[in-house]
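Source: prediction; values computed, not measured.
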Amino acid sequence: MDVLLDPSLPGDRDVKTQTHFRGLHHFVFATIGTHELFTFDLLRRRVVGAVSTASAGDPLFWNSHWLPITVGVMGTTVGVVPLHSACLERNGQGLLLAGLSGVGKSTLSVALARLGFSLISDDWTYISQEADELIAHGLAAPVKLLPDAIHHFPELQGRTPKQWFNGELAFELGPEEICQAPAISDSRPRWLMFLERSPVSGCDFAPCSAADAREFFESSAERLPDELPEASAIRSAMIRAVASCECWWVRSGESPQVTAEAVSRFCERN
Amino acid sequence: MPAHEISSYRDPLDLLRRFAPTPLKTNVHLEFANVLLETNDLSFFPPLSLLNPSLSVPSSPPSQPCLWKIVRDVDVRLKTAEASIVMAGCLIVYSMGPACVIGADRERKEIVAFIGLEVDARIFQESILPALCRLTEFVMRQETAHPVRTAQVAIGDPCNA
C-alpha cells in the first residue's frame, strides 16, 4: 500500500457519508470527498492513495474505516475472504453467525457478548486458512446496531445513530462497551449458525446441510470480474471449508437476549 | 446522433457497478494508438470526432488496441472537482472527484472510467478527453515513457501523464 500525504488536500469531509466506491475490471476506486482517493489494483495486490493531513493523522480513519475497507476489498486476492457474518468465541470454540441483512446478527452478537462470549466481529468476518485450519478474524471495528435495537437495549436511549457507508443509520458501540470477556481478534470456528426470524415464539435448532451453507454464501457474495479467476477460486474454496463446520439453522421468535441464552445452552451441550 | 437513454444500473451483488453494461462500441484512431471505446452513453461519441484531425489517422497502427471503457454513472450527480493524479508502477489514476475517475493500466493497455451525470459534452471535451488521450499515450508508448517511480504523485496540477 502506497499512501501519499498531501498537505494541500482539504480534510473537511465526512468519511462515512462522502466515500464513494466504484470498480471496473481489476480496479476498485474510492474517493473520499472530492480530493482524497484510493485505488485498489486487485490483480497486482496493490493499493495507492493520496490523503489529507487530517486523514493521515486520524487513528479512527485508519483503524475503524480504511484498514477494514482495504481488507474487505483486497482480502480475497491474498487468501483472506470476507464473509458477511458475525463471529464470537467461548472456551476456545468459534461461532459464526450468518443470515440475511436485518435478521438480527448484531443484536444477537451483543446479547451473546453480554453472556460471556468474546466478540470478534458483528458484521464482517475475515476467513483464512492456515495448515488446513480455518481462522476467523475480526478487525475490532465498532459494532453497528440498527435504530430498532433500542427496543432490546434501552441503554441506547440518549445516543444518536450515525449514517454509515451504505447510507443506513446505526448506533455505533465500541467492543469495550459490550464485552464482558476479554477482546480477541481471531478464532477457530466450530459452529456456523444461520439466523432466521420466526413468527412463533421459541428458538429452534435444525441441522443445515453443507450444500445449503455453501449456497447461502455463494449466492450472497459480491460478483467478481473475469480478470480475477484466482480470487474467485480462493473464495469458493474458503466457502466450502466454512460450510464444513457444524451448520445449524436457528429459527427464533424471541428477543435477542432469550435467543442468546438458547444459543449459549446449545453450545454448552454440543 | 440518436438519443440514448441511460438507465440506472443496480445489482445487489454488484455494488461497485463492475458489470454495468457498456453495449455501445466504436473505434477511435489516435496518432499513437487505435482505441476501442466501450460505453453505455452515446453522448461520448460526438466529442471524439472533434479530436485533432492530424491525430485521427494512425501513423503505424499498434498491434494491440487500447481499450477505453467509459461508464456514465447516472447515480453520481456531483460536478467535477480539481484534477488530481496518482501514479504507481504501471498504474495511473486521474480523478476529478466522484464525477470523474479514470484508471489507466499500462501492462494491460486499458483505461477505465466512471463519468458522472453532470459532466456535459463541453467538460468531457475540454477536460476529460485530453486526459484520456494523454493517458492513452502513457499506456501505449511503453518504450518511450519516462520511468514511473512508485507512488509518484502530482495533486492539483493539470494532467501530466
Side-chain angles (χ1 to χ4, degrees), chain A residues 1-10 13 17-53 69 72-73 84 100-101 165-167 217-228 231, chain B residues 9 11-20 22 38 67-71 73 75-108 110-116 148-157:
Chain A
M1 179 186 269
D2 296 315
V3 181
L4 272 294
L5 163 61
D6 186 330
S8 72
L9 296 183
R13 78 285 172 279
T17 59
Q18 292 181 295
T19 299
H20 178 79
F21 294 95
R22 284 291 181 264
L24 270 177
H25 295 193
H26 54 297
F27 289 129
V28 173
F29 305 107
T31 51
I32 311 166
T34 54
H35 291 83
E36 292 177 294
L37 169 74
F38 279 86
T39 300
F40 303 86
D41 180 346
L42 280 75
L43 208 53
R44 301 180 186 89
R45 301 167 184 171
R46 181 171 203 166
V47 184
V48 294
V51 298
S52 65
T53 305
I69 284 170
V73 173
H84 194 194
L100 299 174
S101 289
F165 292 105
N166 59 3
F217 285 119
E218 289 283 6
S219 64
S220 58
E222 182 194 15
R223 295 171 65 190
L224 289 172
D226 294 341
E227 287 79 5
L228 305 170
Chain B
Y9 162 80
D11 177 342
L13 297 184
D14 182 21
L15 299 175
L16 303 177
R17 312 290 203 273
R18 277 172 165 144
F19 298 91
T22 51
E38 297 180 359
L67 172 68
W68 289 4
K69 187 160 188 171
I70 305 179
V71 176
D73 193 341
D75 296 319
V76 173
R77 295 173 177 273
L78 300 169
K79 296 194 179 305
T80 51
E82 189 179 10
S84 62
I85 300 170
V86 178
M87 301 170 71
C90 60
L91 169 70
I92 182 165
V93 184
Y94 179 91
S95 171
M96 298 169 79
C100 172
V101 182
I102 307 172
D105 186 321
R106 175 186 277 167
E107 274 184 6
R108 294 173 60 88
E110 290 178 350
I111 295 179
V112 299
F114 283 97
I115 308 294
V148 182
R149 292 195 303 275
T150 297
Q152 177 181 341
V153 165
I155 298 291
D157 293 325

Worked verdict on B/Glu82 versus A/Thr34 for side-chain contact (heavy atoms from CB on, under 4.5 Å): CA-CA 8 Å; B/Glu82 189 179 10; A/Thr34 54; over 6 Å; no

Full working for side-chain contact (heavy atoms from CB on, under 4.5 Å) between B/Val76 and A/His20: CA-CA 9 Å; B/Val76 173; A/His20 178 79; 3.2 Å; yes

When A/His26, A/Arg223, A/Glu222 are compared by non-hydrogen pairs under 4.5 Å with chain B, the top option: A/Arg223

Contact class of A/Phe29 relative to chain B, heavy atoms under 4.5 angstrom: side chain

Option in B/Pro98, B/Gly97, B/Ala99 with maximal non-hydrogen atom pairs under 4.5 Å from chain A: B/Pro98

Which atoms of A/Leu224 approach chain B - backbone, side chain, both or neither, heavy atom under 4.5 Å: both

Heavy-atom proximity to chain B below 4.5 Å, by part of A/Leu24: both

B/Ala113 versus chain A, the contacting section by heavy-atom distance below 4.5 Å: backbone

Presence of salt bridge, A/Asp41 and B/Arg108, under 4.0 angstrom: no

Presence of salt bridge, B/Asp73 and B/Arg17, under 4.0 angstrom: no

Residue part contacting chain B, namely of A/Ala30, when any heavy atom lies under 4.5 Å: neither

Nearest non-hydrogen partners of A/His35 and A/Pro10, listed with the distance: ND1-CG, 3.6 Å

A/Arg13 to A/Gly33 - nearest heavy-atom pair and separation: CB-CA, 4.0 Å

